*Asks:* 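Below you will find the structure I want to go over with you.
All values derive from a computational prediction rather than experimental measurement. When reading the values below, keep in mind they use all heavy atoms of this one structure, side chains included, and skip hydrogens, waters and symmetry mates. Every chain is numbered from 1, with letters handed out A, B, ... down the list of sequences.
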Amino acid sequence: MKLALDEHAGLDSPLHRWAAPYKIVGLGLLMLAFASIRDLRLLLPMLSIAGLVYIASRLPARVLLTRLRYPGLFLVSVIVALPLLSGETVLWQWGWLTLRQEGVQAMGLIVGRFLSILTLSVVLLGTTPFVTLVRAFRSLGLPAILADMLLLTYRYLFDLADTLAQMQQAMRLRGFGRRQRPARVKFSLWRTLNRLAALAGTLLVRSYEQSERVYKAMQLRGYGARLGKGRSDRPQGTAFDWWGVVIALISALSLVIAEALLNWQR
Amino acid sequence: MACCNSALTVSNLCFGYPDQPDVLQSVNLEVKPGDRLGIIGNNGCGKTTLFLLLSGILTPDVGHIELMGQPVVPGQFRPEVGMVFQNPDDQLISASVWEDVAFGLENLGFTPEQIDRRVAEALTLTGTQDLAQRPPHHLSGGEKRMVAIAGVIAMRPQVVIYDEPSANLDLRARRRLICFLQQAPDTMVIASHDLEFVLEVCDRTVLMNDGTLIADAPPRDLLSNTALMQAHGLEVPYSLRTVSTSQSAL
Amino acid sequence: MHIPDGLIPVPVALGGYGLTGLFTWYSLRQINRLPNPTVDIPKASLLTAAFFVASSIHVPVPPTSVHFVLNGLLGAVLGYYAFPAIVIGLFFQAVMFAHGGLTTLGVNAAMMGIPALIAASIFRLHIHLRRLPPKRAIAITAFLAGVVGLGLATLIFVGIVITNIPSGFNAATERAAILGLGLAHGPLMVLEGLFTTMLVLFLQRVKPDMMRDSIYPQLPFGKAPASEPRR
């Protein structure tokens, strides 16, 4: 699982320089504005804003494309299902296959909003080192327990994914789950489930036992003496950071107002 | 097996990862049935990669691997080769030792009676019969190692690969492992940093460095070659050093 | 089964955040009342990561393969940490795989987390099934917890998707879709229940400490009896 979130956080761009707490607020406002778009005519402006932000972040296009690989199924099902099933105005018909206008529009909106919001999420995560991001969340009011859990979970996520991969490899080497089975070995769902439950259970037990050691090591370095007492410092923004928020706010508001006006017109 | 005069043949094997080319560079190796081959070399010399290739987990870029006269096809399960992982925790996934040793046998489709018999046999061979009903997670490091070995040899592989078998063992567990391996009749390939261990268990040694085979000789000859060992960042084991220094002092 | 960005209107997304905030706040308040609130943070974090990773295990069910949500078991093992753990797990799922999304994190966490808490309390009922042998009682409640954990989450998911997908579907199409999803999820729920049972029985055998929470729910990870020494 090679999905380190912040491998491009070391690049330099306006979005990298934008201090994390301000970036969270600014991009968050934009995401909400994107989510509120209901008018097809605003689709292009929304996609252009997302595209511009992405270009300004100087992240390689590959980063966005990898993130798009997993939700592909959702996109495909929306693209296929809606135009065929939803709406009354028939655009095109061929046998039982009917393309409906309302469905096509709804599909365009959903996919457009999805892509734009995802792009901003990728920019937020891709231009900020993870630790900085969590610290920023903390300064914006995220409780200390959650912040600690976020950091620790992130730290061990990759370890545990490797552990699972190793264990699965060991199981395969002892003949588990191969496709060409000798005739006398029948596929048994019950047995397979039981084995995989043992695998998942082993992973849980190993992480549980490891956490006992991790806690002791953390305690020896003073963990627990600090929590809840030390207040996180308030972010000190520069003019650049504030301007970022202002620009984001103006873009978000323009989209929302345009949406309201177009709605009212109708 | 009598049919083959070579247990394992590796010819002109090359392999690289996308971010790390040339992990192995045209490796040639032949292991005869009954050989006890030790592979030594520093971390990153390509030992573990070689093992993953031998067991068909990775696909070679160039080259050819044959196991008991049959080519190794990546992704295909070959019960003739068994691998004991460096960390036994990666291998032990069942709720009891007995079930864990039976795991591979069930996958091979043996009858319950055959499984019972083979598990009992493997546990006796590795001296772990008293642990049969214990959960593997609660065993000591040495016990886990022996159970992991039992799980592999129960499947009666022709070649057993051991990745750092003596790592993290206390002296008693290490001694028990050495005695076990000295008596085991299998063909084995052992990667180890524990040179004294290699000296006691193996009858042939290969030195690897940066993905190439540097030398291939009986352990005593290779490990006592001070110039060769030092040139590749290794040290002559203490038991051989005293002999050579006393000779040079004379 | 996550609600992606862009599907639901802003008020629903914000409502989800509100609900998730409420549950998280309540969970954290309970944790902060413990004598030492930090002691279980590493445990909860590693188990969050482990549950996250374990839910990627795929079971081949020819001709396809399925994976498990495990939210019922997570509720039972993590106690008060369950809700925060789900929030964090879904955050990583959203930012790493774009499963779910940042604007829908609140809705998704409520959709997974509330059923997890309900499933956890169903699992705890095994303490009251005194007439049955303990192993069977645990097996039965674990099965129900698995079924309910996934079942409730699916219901909420379908409800949200159907009410928020743009109008224009005729009633018949809508009913057919709901029926289809229900039929498809019936077997999945049974599998989830079976898998949860097997996993619980495994943990019960290998590391009973981990399940103590379900016996002493007021103490995460059940501090009551001294844990037995290793070996």
*Asks:* Which residue, A:Leu204, A:Leu160, A:Thr153, A:Leu203, forms the side chain to side chain contact (heavy atoms under 4.5 Å, CB included) with C:Phe51?
*Replies:* A:Leu204

*Asks:* Sub-4.5 Å heavy-atom contacts with chain A: which residues of residues 86-93 of chain C show up?
*Replies:* C:Ile88, C:Phe91, C:Phe92

*Asks:* Kindly compute the distance separating OH (A:Tyr215) from CG (C:Leu46), expressed to the nearest 0.5 Å.
*Replies:*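 If I round to the nearest 0.5 Å, the distance is 14.0 Å.
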
*Asks:* Quick one: list whatever passes ring pair (Phe, Tyr, Trp, His ring centres under 6.0 Å) with C:Phe195, sequence neighbours left out.
*Replies:*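 C:Phe195 satisfies ring pair (Phe, Tyr, Trp, His ring centres under 6.0 Å) with C:Phe68 once adjacent residues are dropped.
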
*Asks:* Under the side chain to side chain contact (heavy atoms under 4.5 Å, CB included) rule, what do C:Leu102 and A:Ile117 come out as? Steps first, then yes or no, please.
*Replies:* CA-CA 8 Å; C:Leu102 289 185; A:Ile117 299 175; 5.7 Å; no

*Asks:* Looking at C:Lys207 and A:Val205, what are the two nearest heavy atoms and their distance?
*Replies:* CB-CG2, 3.9 Å

*Asks:* Minimum heavy-atom separation for A:Leu196 and C:Pro60, please, with both atom names.
*Replies:* CD1-CD, 4.3 Å

*Asks:* Any idea which heavy atoms bring C:Ala98 and A:Leu118 closest together, and the distance?
*Replies:* CB-CD1, 3.5 Å

*Asks:* Given heavy-atom pairs under 4.5 angstrom as the criterion, report whether the side chain, backbone, both or neither of A:Leu125 touches chain C.
*Replies:*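 For A:Leu125, side-chain heavy atoms alone lie under 4.5 Å from chain C.
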
*Asks:* Measuring heavy-atom distances to chain A, does C:Ser55 have an atom under 4.5 Å in its side chain, in its backbone, in both, or in neither?
*Replies:*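 Neither the backbone nor the side chain of C:Ser55 comes within 4.5 Å of chain A.
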
*Asks:* So how far is it from C:Met96 CE to A:Tyr154 OH, rounded to the nearest 0.5 Å?
*Replies:*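 If we round to the nearest 0.5 Å, C:Met96:CE and A:Tyr154:OH are 6.0 Å apart.
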
*Asks:* Taking every non-hydrogen pair under 4.5 Å, which of A:Val122, A:Asn194, A:Leu124, A:Leu115 racks up the most with chain C?
*Replies:* A:Asn194

*Asks:* Picking from C:Ala49, C:Ser45, C:Pro9, C:Pro11, which has the most non-hydrogen pairs under 4.5 angstrom with chain A?
*Replies:*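 That would be C:Ser45.
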
*Asks:* Of all of A:Ser116, A:Ser121, A:Ala33, which one pairs up most often with chain C through heavy atoms under 4.5 Å apart?
*Replies:*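 The answer is A:Ser121.
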
*Asks:* What option among A:Leu164, A:Asp159, A:Thr192, A:Leu189 has the most heavy-atom pairs under 4.5 Å with chain C?
*Replies:*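 Most heavy-atom pairs under 4.5 Å with chain C: A:Leu164.
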
*Asks:* Is it true that a side-chain atom of A:Arg67 and a backbone atom of C:Val95 form a donor plus acceptor pair closer than 3.5 Å?
*Replies:*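 Yes, A:Arg67 side chain to C:Val95 backbone: donor-acceptor pair under 3.5 Å.
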
*Asks:* Checking C:Leu201 against chain A: side chain, backbone, both or neither under 4.5 Å from a heavy atom?
*Replies:*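 Contact with chain A is absent: no heavy atom of C:Leu201 under 4.5 Å.
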
*Asks:* Determine whether C:Phe52 and A:Leu157 satisfy the following criterion, side chain to side chain contact (heavy atoms under 4.5 Å, CB included), listing intermediate values before the conclusion.
*Replies:* CA-CA 8 Å; C:Phe52 180 91; A:Leu157 205 52; 3.4 Å; yes

*Asks:* Please report the interatomic distance CD(C:Glu192) to CG(A:Leu193), rounded to the nearest 0.5 Å.
*Replies:*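 The CD atom of C:Glu192 sits 10.5 Å away from the CG atom of A:Leu193.
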
*Asks:* Side chain, backbone, both or neither: which part of C:Val206 has a non-hydrogen atom closer than 4.5 Å to chain A?
*Replies:* side chain

*Asks:* Please state whether the side chain, the backbone, both or neither of C:Thr196 comes within less than 4.5 Å of a heavy atom of chain A.
*Replies:* neither

*Asks:* About how many Å separate CG of C:Asp40 and OG of A:Ser211, when rounded to the nearest 0.5 Å?
*Replies:*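 The CG atom of C:Asp40 is 8.5 Å from OG of A:Ser211, to the nearest 0.5 Å.
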
*Asks:* Relative to chain A, which of C:Thr48, C:Leu73, C:Thr104 shows the most heavy atom pairs under 4.5 Å?
*Replies:*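 Looking at each of C:Thr48, C:Leu73, C:Thr104 in turn, C:Thr48 comes out on top.
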
*Asks:* Using non-hydrogen atoms only, which part of C:His58 is less than 4.5 Å away from chain A: side chain, backbone, both, or neither?
*Replies:* backbone

*Asks:* Using a cut-off of under 4.5 Å on heavy-atom pairs, state which of A:Val214, A:Ile37, A:Leu146 scores highest against chain C.
*Replies:* A:Leu146

*Asks:* Is any side-chain heavy atom of C:Phe202 closer than 4.5 Å to a side-chain heavy atom of A:Thr202?
*Replies:* yes

*Asks:* Which distance, rounded to the nearest 0.5 Å, do you find between the NZ of C:Lys43 and the CE of A:Met149?
*Replies:* 13.0 Å

*Asks:* Heavy atoms only: give me the nearest A:Ala197-C:Leu199 pair and the separation to one decimal.
*Replies:*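 Closest approach of A:Ala197 to C:Leu199, heavy atoms only: O-CD1, 3.1 Å.
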
*Asks:* On a heavy-atom basis, which atom in C:Leu203 and which in A:Gly201 lie closest, and how many Å separate them?
*Replies:*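 Scanning both residues completely, I find the closest heavy atoms to be CD2-O, 3.9 Å.
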
*Asks:* Contact part of A:Ser36 toward chain C, heavy-atom cut-off under 4.5 Å: side chain, backbone, both or neither?
*Replies:*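 Contact with chain C: backbone and side chain both.
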
*Asks:* About how many Å separate CE of C:Met198 and CZ of A:Arg195, when rounded to the nearest 0.5 Å?
*Replies:* 11.0 Å

*Asks:* Where on A:Gln105 is there a heavy atom nearer than 4.5 Å to chain C: the side chain, the backbone, both, or neither?
*Replies:* neither

